[in-house]
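One structure is given here, and the rest of the page talks about it.
Naming convention: chains lettered A, B, ... in sequence-line order (proteins, then strands); numbering from 1 in each chain.
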Amino acid sequence: MREVRVRFAPSPTGPLHIGGVRTALYNYLFARKMGGKFILRIEDTDQVRFVQGAEQYIIDSLSWCGISFDEGVHVGGPHAPYRQSERKDLYRQYADQLVESGKAYYAFDTPEQLDSLRKEYELRKETFQYGPSTRMVLSNSLTLPVDQVKALIGSGTHFVIRVKIPDNEIITVNDLIRGTVSVESSLLDDKVLFKSDGMPTYHLANVVDDYLMKVSHVIRGEEWLPSAPLHVLLYRFLDWEDAMPAFAHLPLLLKPDGNGKLSKRDGDRLGFPVFPLQWTDPKTKEVSSGYRESGYIPEAFLNMLALLGWHLESDQELFSLDELVEAFSIDRCSKSGAKFDPEKARWFNHHYLSAKPAAILAGYLIPVLKENGIDAGRDYVEKVCDLVRERIVLIPDLWEQSWFFFNDPISFDEKVAAKIWKKETPQLLEDYIDILKRTEPFTSVNIETVSKQFVKDKGIGMGQLMTPFRLTVVGTNAGPGMFDMASIIGKDTIISRIKSGITKINT
RNA sequence: GGCCGGUUCGUCUAACGGUUAGGACGCCAGGUUUUCAUCCUGGUAAUAGGGGUUCGAUUCCCCUACCGGCUACCA
């Protein structure tokens with residue numbers, strides 16, 4: 001069996017969105033699983049849509065995910081360069097070869113001419129197709145005399161090279177996910193292979209590079225399925241059929257509600273990122289949020305993406321990247337599009353984040369503390385993290401759930417106060433302070449013991465003490481257990497907060 | 001419009017032609033708890049419709065409907 005070589009081949013036309021990340025992930029998993037190579041090729045043949053910084057964004061995004069490459073623009077390799085714009089000179093010879101063998105031809109029609117032709121057809125409720133039925137009445141090397149063609153090209157007239165699609169032939173694509181897909185050749189257009197700006201189109205560049213880079217499997221999005229027959233034809237025309245890669249067309253990622261392809265708009269509308277990393281549009285300066293900046297961690301992000309279109313027969317849904325590599329296979333990929341579920345993404349993040357060691361969590365929290373001018377000891381921060389870990393979905397929640405370990409509350413929830421703050425509460429808390437003062441050492445169990453005795457002596461329920469206590473310490477009725485919290489915050493601070501709370505809430 | 005692909009709980013999905021159609025997220029209820037979360041237990045909920053084939057279709061075939069993609073000198 002031939003060596004497995006797969007590639008992720010994005011266009012640097014903007015930020016990579018999560019569908020692209022999933023395509024990259026599946027390619028990566030397949031390469032690793034099969035002991036093959038994974039290539040990053042940049043398909044920057046469209047000079048108009050090229051966006052500055054997009055390539056670096058793609059590299060950074062996948063690197064954040066932990067997806068690594070064996071060859072590519074950023075790491076080099078035996079088939080360098082890996083940027084199609086730098087391989088520009090390569091493609092023309094293959095296009096010419098196709099012309100010479102009668103499989104392609106030069107065409108001189110201008111975009112304007114073709115546009116007006118399309119409009120004419122549309123008026124008649126027909127669809128214009130540059131193909132077997134029309135090519136003989138258009139301006140190309142099939143209709144023009146050889147001398148004139150040479151003269152036109154020699155004089156620098158703009159031309160494109162179009163594939164000459166055969167008439168009445170069934171072309172079949174074998175897809176690893178969808179089985180055999182057949183199409184009648186005359187339904188394909190005489191697609192442009194080589195543009196007038198000297199660049200190849202996707203179709204040509206893709207086939208040439210996959211051949212040259214010895215790509216064994218093309219795993220890409222479903223939007224390519226309609227042009228796959230053309231690619232098959234190109235391999236045949238170039239006499240590379242023996243080396244043709246296997247194809248696998250992945251289902252698309254759809255918007256969570258309604259219908260259609262997932263887009264940036266959906267993320268904005270529904271409040272979730274569609275990009276792995278934050279992206280600033282170089283032209284409009286518009287900033288789009290990313291999973292990283294929103295506080296997701298890579299293992300959760302990848303696990304979530306992996307399951308959007310792939311599943312084992314077993315019920316297992318939790319996978320590390322290594323486990324994914326071990327478990328992955330193309331034949332377990334599904335055929336239908338998957339609606340993206342931001343809630344499930346959050347759940348995965350909560351799952352992985354809350355299982356992190358305190359040292360890691362502290363590493364996330366300390367920079368936030370610094371931003372807030374807080375310089376707490378590492379040991380203290382780790383203790384806090386251990387206490388709040390279960391309540392965390394996204395990294396910023398760490399601060400949201402723990403700020404009161406570092407700062408006194410500045411306000412007190414009025415609704416809670418109205419409900420539980422009674423006339424006798426201040427005196428109750430004063431008495432409680434006396435008890436706390438005498439509690440030594442000030443540990444969670446000791447505080448619990450004295451508190452239980454205290455409410456017993458007072459003949460009240462635990463809640464009658466704890467809720468006001470909590471209100472003075474945290475400012476509201478949420479947070480970890482009071483005994484653990486109090487022991488970590490420390491006796492002096494706790495007592496001063498209770499006192500402060502009594503005066504502030506009373507007024 | 002044409003071509004291609006798709007269709008199992010709200011969502012992601014599992015199920016050699018024979019299962020009480022399973023799991024996860026969400027939601028609901030109960031439990032744990034000093035609060036809010038977490039966590040635990042339970043519940044809710046699906047084979048798009050119609051024809052075939054078959055002793056028996058979620059599973060195979062056909063039709064319809066719906067959804068998606070493609071239909072550029074964009075990828």
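- The gap from the C1' atom of B:G69 to that of B:A29 amounts to 43 Å, rounded to the nearest Å.
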Please list every donor-acceptor pair under 3.5 Å in which a side-chain atom of residues 469-486 of chain A meets a protein atom from a residue at least two apart or in another chain.
residue, atom, partner, partner atom, Å
A:Arg470, NH1, A:Ala478, O, 3.1
A:Arg470, NH1, A:Gly479, O, 3.3
A:Arg470, NH1, A:Pro480, O, 3.1
A:Arg470, NH2, A:Pro480, O, 2.9
A:Thr472, OG1, A:Phe469, O, 2.7
A:Thr476, OG1, A:Asp413, OD2, 3.3
A:Asp484, OD1, A:Ser444, OG, 2.7

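- Applying the salt bridge (Lys or Arg N to Asp or Glu O under 4.0 Å) test to every pair with at least one member in residues 162-171 of chain A, sequence neighbours left out, gives these pairs: A:Glu169-A:Arg236.
- In this structure A:Arg269 satisfies the side-chain hydrogen bond (donor to acceptor under 3.5 Å, both in side chains) test together with A:Asp257, A:Asp266, sequence neighbours excluded.
- If you take CG of A:Leu428 and C1' of B:U34, they are 13 Å apart, rounded to a whole angstrom.
- Comparing the C1' positions of B:C9 and B:G23 gives a spacing of 12 Å, expressed to the nearest Å.
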Mind listing the N/O atom pairs, protein and nucleotides 67-75 of chain B, below 3.5 Å?
residue, atom, partner, partner atom, Å
B:C73, OP2, A:Arg162, NH2, 3.4
B:C73, O2, A:Ser196, N, 2.8
B:C73, O2, A:Ser196, OG, 2.6
B:C73, N3, A:Ser196, OG, 3.0
B:C73, N4, A:Asp109, O, 3.2
B:C74, OP2, A:Lys195, NZ, 3.1
B:C74, O2', A:Asp46, OD2, 2.6
B:C74, O2', A:Arg49, NE, 3.3
B:C74, O2', A:Arg49, NH2, 3.3
B:C74, O2, A:Arg49, NH2, 3.1
B:A75, OP1, A:Thr45, OG1, 2.9
B:A75, OP1, A:Lys195, NZ, 2.8
B:A75, OP2, A:Tyr202, N, 3.3
B:A75, O3', A:Ser11, OG, 2.8
B:A75, O2', A:Ser11, OG, 2.8

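- A:Lys491 meets the side-chain hydrogen bond (donor to acceptor under 3.5 Å, both in side chains) test with A:Glu440; sequence neighbours excluded.
- Screening residues 333-344 of chain A for side chain to side chain donor-acceptor pair (under 3.5 Å), with sequence neighbours left out, gives A:Glu317-A:Lys344.
- For the pair A:Leu465 CG and B:U33 C1', the computed distance is 15 Å after rounding to whole Å.
- Checked against the 6.0 Å centroid criterion, the rings of A:Phe272 and A:Phe340 qualify as a close aromatic pair.
- Using P as the reference atom, B:C40 and B:U8 are 29 Å apart when rounded to the nearest Å.
- Under a cut-off of 6.0 angstrom, the local environment of CD1 in A:Ile410 is sparse, with at most 12 non-hydrogen atoms contributed by other residues, nucleotides or ligands.
- The separation of B:G43 from B:C25, taken at their P atoms, amounts to 15 Å, rounded to a whole angstrom.
- Note on residues 221-232 of chain A: pairs passing side chain to side chain donor-acceptor pair (under 3.5 Å), not counting sequence neighbours, are A:His203-A:His231, A:Arg220-A:His231.
- Residues meeting the side-chain hydrogen bond (donor to acceptor under 3.5 Å, both in side chains) test with A:Ser329, sequence neighbours left out: A:Asp331.
- The side chain of A:Thr467 contributes no N or O atom lying less than 4.0 Å from OP1 or OP2 of B:U35.
- Rounded to an integer number of Å, the gap from A:Glu126 CD to B:C3 C1' is 17 Å.
- For A:Ile447 and B:U34, the CD1 to P distance is 15 Å, given to the nearest whole Å.
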Output one line per pair: protein atom, nucleotide atom from nucleotides 23-26 of chain B, and distance, for all N/O pairs under 3.5 Å.
residue, atom, partner, partner atom, Å
B:G23, O4', A:Asp315, OD2, 3.4
B:G23, N2, A:Glu317, OE2, 2.7
B:A24, O4', A:Glu317, OE1, 3.3
B:A24, O2', A:Glu317, OE1, 2.8
B:A24, O2', A:Lys344, NZ, 3.2
B:A24, N3, A:Lys344, NZ, 3.1
B:C25, OP1, A:Trp347, NE1, 3.4

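- Rounded to whole Å, the separation between the C1' atoms of B:U47 and B:U20 comes to 15 Å.
- Remark: the backbone N or O of A:Val393 is paired with a side-chain donor or acceptor of A:Asn349 at under 3.5 angstrom.
- Comparing the C1' positions of B:G51 and B:A46 gives an interatomic distance of 22 Å, to the nearest angstrom.
- Rounded to whole Å, the distance from NE2 on A:His351 to P on B:C39 is 10 Å.
- Within the nucleic acid shown, A:Gly309 comes within 4.0 Å of sugar-phosphate atoms alone, with no base atom in reach, counting heavy atoms only.
- Between A:Asp386 and A:Lys383, no side-chain nitrogen of the basic residue sits less than 4.0 Å from a carboxylate oxygen of the acidic one, so the salt-bridge criterion is not met.
- For the P atom pair drawn from B:G26 and B:U11, the interatomic distance equals 16 Å after rounding to whole Å.
- For A:Met485 and B:A37, the CE to P distance is 15 Å, given to the nearest whole Å.
- For A:Tyr364, the ring pair (Phe, Tyr, Trp, His ring centres under 6.0 Å) criterion is met by no residue, not counting sequence neighbours.
- Rounded to whole Å, atom P of B:G5 lies 12 Å from atom NE2 of A:His249.
- To the nearest angstrom, P of B:A37 lies 14 Å from CZ of A:Arg346.
- Distances shorter than 4.0 Å separate some side-chain N or O of A:Arg332 from OP1 or OP2 on B:A15.
- Of the residues in residues 410-421 of chain A, none has a non-hydrogen atom less than 4.0 angstrom from any atom of RNA chain B.
- Counting only residues at least two apart or on different chains, the salt bridge (Lys or Arg N to Asp or Glu O under 4.0 Å) pairs with a member in residues 43-58 of chain A are A:Arg41-A:Glu43, A:Asp46-A:Arg49, A:Glu55-A:Arg83.
- B:C61 and B:G68 have their P atoms separated by 24 Å, given to the nearest Å.
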